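Data block below; observations after.
Note that the structure is a prediction, hence the values are computed from the model and not measured. In what follows, every heavy atom counts, from backbone to side chain, and hydrogens, waters and symmetry copies are set aside. Labels below follow one simple rule: chain letters A, B, ... track the order of the sequence lines, proteins then strands, and each chain is numbered from 1.
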Amino acid sequence: MIRTTPFHERTAALNETGIWEHWSNHLVASRYQMSEKFEYFAIRNTAGLFDTSPLYKYRIHGPAAERFLAGVLARDIRTCPVGRGQYTAWCDDRGFVVEDGVILHVAPDEYLLTAAEPNLAYFQALIDGLDVAVDDVSADWGVLAVQGPRSRELLAALAPEVARLAYFDVIATKIAKVPVHVSRTGYTGDLGFEIWVPAADALAVWDAVWGVSRGRGVIPFGMTALYMARIEAGLVLLDVDFNSSRFAWTDADRTTPIELGLGWMFRDIGADDRTFLGHEAIRREIATTSSRWRLSGLILDWQDYDRIFDAAGLIPPKDHTPVQDEYYVYDDELNQLGYATSQMYSPILQRHIALARVPLDRTAPGSRVKLELGVSHRYEYFDAHVARLPLFNPERRTA
Amino acid sequence: MPKSTAPATKRATSKSVGAKAAPKASATRGAAARPAGSKRDGAADHAWDAIVIGGGHNGLTNAAYLAKAGLRTLVLERRHLVGGAAITEELRPGYWFTTFSYALSLLRPDIIHELELTRHGFMPILMPTTFCPMENGDYLLLGQDHGENHREIARHSRHDADAYDAFNHDVLKVCQAIKPLLDAAPPDIFSDDPEELVALAMLGSRFRRLDRKVLHDAVRLLTGSAADFLDDYFESDILKGYIASSSIIGTKVGPYSQGSGLVLLYHLMGEHDGEFGAWAFHKRGNGGFTQLLAKAAESFGVEIRLESPVESVITSGGRATGVALADGREFHAPIVVSALDPRRTFLELVDPRQLPTDLVDAITRFRFQGTSAKVNFALDGVPRYPALGDRTDQYRGFTNIGPSMEYLERAFDDAKYGAFSTRPYLDCAIQSQVDPDMAPPGKAVMSCFVQYAPYHLRESDWDTQRQPLGDTVQATLESFFPGFGDLVLQREVQTPLDIERTVGLSEGNIFAGEFLAPQMYFFRPAPGWSQYRTPIEGYYQCGSGTHPGGCVMGAPGKLAAERIIRDRGRAVAPDRANAVARDRQGAVARA
Ligand SMILES: Cc1cc2nc3c(=O)[nH]c(=O)nc-3n(C[C@H](O)[C@H](O)[C@H](O)COP(=O)(O)OP(=O)(O)OC[C@H]3O[C@@H](n4cnc5c(N)ncnc54)[C@H](O)[C@@H]3O)c2cc1C
């Protein structure tokens with residue numbers, strides 16, 4: 001039987017479409033309204049609520065928690081004091097990404113980590129006698145994301161200290177008398193927060209947030225609107241933009257964090273004396289610039305796009321529906337350069353955009369490539385240029 | 001009776017999107033500003049390459065393109081804020097009114113890209129619903145789900161449900177065929193210039209290539225009535241009333257009048273994210289849009305001066321050399337562009353005696369006769385529609401009070417005889433449902449576009465009839481939404497006379513001249529003058545009175561800039577310049 005999330009009673013009542021999908025064996029709404037684009041605009045213009053409870057969640061605690069994480073996570077956890085969080089990744093010993101997630105340092109010697117897929121056995125195997133425990137707390141917490149320009153004032157009405165949170169801060173506070181963690185994090189590339197609430201009290205917290213949302217145009221949003229926002233924000237998705245190195249068959253399906261555009265995680269690697277998993281390979285990759293490609297943004301040339309569809313007798317579609325599938329990238333002579341993994345028409349950028357793997361000599365913003373797309377039952381090659389990620393990055397996200 | 005109504009005299013204390021808090025004698029917008037009225041402005045030192053008169057969206061668009069091409073460009077705006085008919089004002093703390101223009105669709109996509117509007121916050125928000133209340137208490141509610149729309153229409157007529165698909169498909173084909181005309185200047189059919197002949201031939205061949213049915217549909221729409229066209233597809237009054245509502249906007253026609261088809265087609269030619277006929281609500285309204293357009297223009301180097309009403313264009317030896325302000329200041333530039341309507345461009349800013357008589361005649365005959373008004377409300381909450389109980393999601397788009405073609409036509413009947421409609425057509429939008437920043441939490445603002453309100457009232461005048469019109473609109477709303485009046489916190493009425501006084505649009509015509517076939521394309525605003533030039537060298541026109549016409553579209557501003565930049569290029573090459581001059585002489589002689 002499919003499971004429901006701790007917020008399900010409320011989300012079910014709000015889902016007008018009856019469309020659900022499965023996420024880690026939980027029922028989640030694809031969209032609540034007939035138009036996911038309307039939900040998307042709530043994220044970008046007001047605020048939207050997203051039930052992100054199906055994420056796998058791990059509690060890492062004990063005197064050696066930091067030491068353990070410093071060896072397991074690629075990003076240096078020692079720079080993450082209590083009250084801070086990090087977007088991080090973990091790699092295998094060849095420097096290939098296993099997975100990514102957000103880690104919150106919620107108390108001394110205590111961390112909460114999210115992951116898209118199960119990682120308990122993987123982490124436990126790495127404990128290696130250290131005084132640390134890794135617990136799977138996935139079912140213990142509901143996580144409610146409140147995302148959008150109005151999210152701060154909404155939550156501040158319930159817990160005033162939320163207003164002071166800097167990007168990736170986390171605090172313990174109370175909402176509707178329920179002890180919760182609130183972090184300034186999210187998967188939309190906008191100003192936003194996530195509330196960790198004990199599963200049993202999830203509805204009380206939902207009701208409180210819903211209460212302050214009324215009359216302000218705040219609506220819940222589903223998976224489709226989330227994907228729209230995350231593509232604009234250049235946030236990668238497991239099994240779409242990359243695969244776990246643990247389960248890949250060949251290195252063609254593996255990716256290093258640097259290739260994935262996460263090289264910034266290693267900005268201070270010169271001063272970083274950790275021997276974390278994959279560190280040798282990563283240091284070598286940096287020293288020899290041996291990355292095979294880099295995940296980059298693509299922006300399609302609008303005139304070329306219109307021209308190709310016009311020539312086919314079609315009205316150029318501007319479809320915001322995220323396409324999370326592979327499409328090939330070429331040079332002018334139609335030699336394959338790489339491939340796109342996610343694409344859509346972005347309403348806020350008014351362009352067709354994509355996340356794509358391009359070779360290092362094409363990563364300079366403005367580099368020209370061609371994207372292969374089907375038009376009228378045949379392939380056409382669309383002019384595009386490379387752009388830095390994230391393609392949409394409002395100041396409010398970090399301000 | 002209304003619970004409260006706005007005073008007729010308005011808003012000494014109101015704020016506007018982008019308006020300076022305390023307008024000074026001559027406010028300046030933009031960082032590069034110099035104190036207005038300084039000696040340098042008056043000196044004939046040609047500090048500017050181009051001066052644009054009027055900071056409506058077309059003036060701003062025009063100036064942005066000119067500056068982008070390297071011209072030092074100055075915009076002179078009469079009011080304390082830019083935007084013209086496209087402004088948003090905070091008439092009551094926390095309540096933002098789209099004073100006049102209220103939705104976006106025809107804005108040309110190339111302008112969005114070329115002026116990099118997304119960098120400045122361009123945000124056209126989807127309006128996912130269309131709600132059409134009926135006089136019997138029923139309604140038609142269309143949304144984003146095709147199947148649901150089918151079922152909803154079938155409630156009114158099973159036949160019309162799939163006829164609606166056929167209609168949309170046929171109209172889309174016409175839009176696809178006609179659209180390129182919006183993005184290019186009309187060829188000059190009166191010219192012997194080989195370039196113009198080529199353009200004309202290309203236009204001809206484009207139409208020859210069209211499918212016969214598409215061409216025929218296009219001609220039926222462009223010349224016929226909306227009613228004739230719609231009757232071929234539909235039987236249900238509510239669906240026809242809804243669609244036909246777009247055939248009367250801004251124009252003194254009813255759905256049964258020949259010519260309403262053109263207005264309908266025009267309103268279906270816009271697009272939102274590639275969807276023809278779809279309208280969006282820009283963040284903070286069309287005033288939010290014009291504010292960011294001004295920022296974009298400034299980022300290309302345009303200087304905008306507010307509170308700088310131009311009185312006349314200065315000419316010397318048949319050439320424009322600058323402009324004179326009402327306060328006596330002068331600004332000089334070899335290029336002067338009027339972003340005002342044709343009457344002001346040809347009959348007020350310049351001495352008509354400088355112009356060919358037949359041009360003056362044509363402009364004198366040019367039809368304005370505004371017939372639209374605007375009533376805006378601040379509401380204590382969202383009105384309820386009895387048949388939908390406590391639901392409010394039906395208000396996420398337009399609410400169309402035009403339940404049948406007969407309703408629309410009867411509303412028009414009043415206007416024919418010089419009165420405003422006793423049961424007016426209303427295009428309403430509770431904009432805070434789409435952009436919650438328009439009103440405080442739990443409250444609402446509602447914009448109502450009203451027809452018919454003829455500029456020329458036979459029995460009275462608009463200063464007398466302003467509040468009676470407001471009462472009529474409110475009573476109409478009350479009849480559909482019982483209890484509406486109790487929600488009204490404030491009401492603003494904009495009659496055609498107010499539109500004329502505030503924006504400067506002659507006779508309050510929202511399009512700067514009616515959408516009638518003899519006033520479109522080759523003939524907008526006058527035969528032989530559809531290419532943004534005027535008989536005065538260096539003096540150009542770029543307002544909504546030029547091709548393609550009104551609406552927040554930007555095409556006139558952009559196409560005029562292209563013309564100016566090309567002429568300038570020619571002026572540099574002497575051979576071409578002579579040809580242009582000959583050409584122009586020919587045109588003047590004919591004119
Ligand atoms: C009530 C109403 C509702 C409408 N609704 C819509 C809608 O929803 N969607 C849509 O697309 N279109 C709508 N329209 C039409 C659209 O808004 C107009 O066609 C368009 O805004 C006109 O733009 P413009 O730049 O050509 O001229 P204007 O907006 O008229 O701009 C002219 C500018 O020139 C200034 N000016 C005038 N005289 C002088 C002078 N002597 N010196 C200096 N400056 C001067 C004015 O103050 C003004 O700022 C509406 C119009 C009205 C009036």
Side-chain angles (χ1 to χ4, degrees), chain A residues 14 16-19 31-42 44-47 148-150 153-154 157 211-219 225 232 299-303 305-306 309-310 313-320 344-353 391-392 394-396, chain B residues 107 109-114 116-119 121-129 142-149 172-173 175-177 179-180 183 209 211 271-276 278 280-284 381-382 391-393 396-397 432-444:
Chain A
L14 290 163
E16 294 166 9
T17 66
I19 304 177
R31 56 182 203 248
Y32 290 84
Q33 327 264 324
M34 287 303 183
S35 165
E36 64 275 350
K37 193 169 164 184
F38 193 71
E39 297 175 3
Y40 158 88
F41 275 112
R44 291 287 180 242
N45 186 42
T46 318
R150 294 275 170 234
E153 64 189 62
L154 277 183
V212 291
S213 301
R214 296 309 299 265
R216 289 168 173 266
V218 179
I219 52 175
E232 290 177 339
I299 297 182
L300 270 67
D301 182 290
W302 58 274
Q303 278 167 314
Y305 187 88
D306 285 5
F309 278 96
D310 284 345
L314 300 173
I315 292 174
K318 296 181 178 172
D319 188 346
H320 59 268
M344 65 183 275
Y345 172 80
S346 160
I348 206 135
L349 298 168
Q350 295 277 301
R351 294 290 168 91
H352 291 87
I353 60 171
L391 297 175
F392 177 70
E395 259 174 48
R396 60 179 182 259
Chain B
L107 178 68
D110 48 355
I111 295 177
I112 300 168
H113 301 311
E114 288 161 359
E116 299 170 28
L117 299 185
T118 56
R119 285 206 305 137
F122 183 69
M123 200 202 278
I125 306 173
L126 173 79
M127 297 199 289
T129 57
L142 298 178
Q144 296 293 307
D145 188 83
H146 179 262
E148 193 170 64
N149 289 345
L172 265 181
K173 288 197 140 183
C175 290
Q176 185 191 31
K179 182 180 116 145
D183 294 317
R209 279 200 307 271
D211 180 89
E271 55 187 286
H272 174 227
D273 287 342
E275 200 183 320
F276 279 98
F281 184 73
H282 192 278
K283 171 89 194 144
R284 271 275 143 83
V382 177
R391 261 179 84 173
T392 55
D393 61 331
R396 288 176 177 168
S432 45
Q433 291 291 101
V434 183
D435 177 6
D437 288 346
M438 297 291 287
K443 312 291 181 193

For A:G313, does its backbone N or O pair with a side-chain atom of B:Q176 as donor and acceptor, under 3.5 Å? yes
Go through the atoms of B:I112 and report whether side chain, backbone, both or neither lie under 4.5 Å from a heavy atom of chain A. side chain
Which atom names give the shortest non-hydrogen contact between A:F38 and B:Q433, and what distance separates them? CZ-O, 4.0 Å
Within-4.5 Å side-chain heavy-atom neighbours: A:H320 and B:D273: no
Distance-minimising heavy-atom pair for B:L172 and A:I315: CD2-CD1, 3.8 Å
Count the heavy-atom pairs under 4.5 Å between each of A:M34, A:E16, A:R44 and chain B, then report the option with the highest count. A:M34
B:T129 and A:S35, any side-chain heavy atoms less than 4.5 Å apart: no
So, do A:F41 and B:D435 sit near enough that their side-chain heavy atoms are less than 4.5 Å apart? no
Working to the nearest 0.5 Å, report the span between CG of B:L126 and CD of A:E36. 9.5 Å
Answer key: most heavy-atom pairs under 4.5 Å with chain A among B:E271, B:M123, B:K443, B:H272 is B:M123
Min side-chain heavy-atom separation A:K318-B:P109 under 4.5 Å: yes
Just verifying a value: how many Å separate A:L349 CG and B:H113 NE2, rounded to the nearest 0.5 Å? 10.5 Å
Per-residue contact mode, A:P347 against chain B (heavy atom under 4.5 angstrom): both
Between CG on residue B:D393 and CD1 on residue A:I219, distance to nearest 0.5 Å: 10.5 Å
A:Q350 versus B:P124, closest heavy-atom pair with distance: NE2-CG, 3.7 Å
B:D437 CG to A:R150 CZ distance, which is reported to the nearest 0.5 Å: 4.0 Å
Tell me, do B:Q144 and A:K37 make a side-chain contact under 4.5 Å, heavy atoms counted? no
Honestly, the part of A:I348 sitting under 4.5 Å from a heavy atom of chain B is both
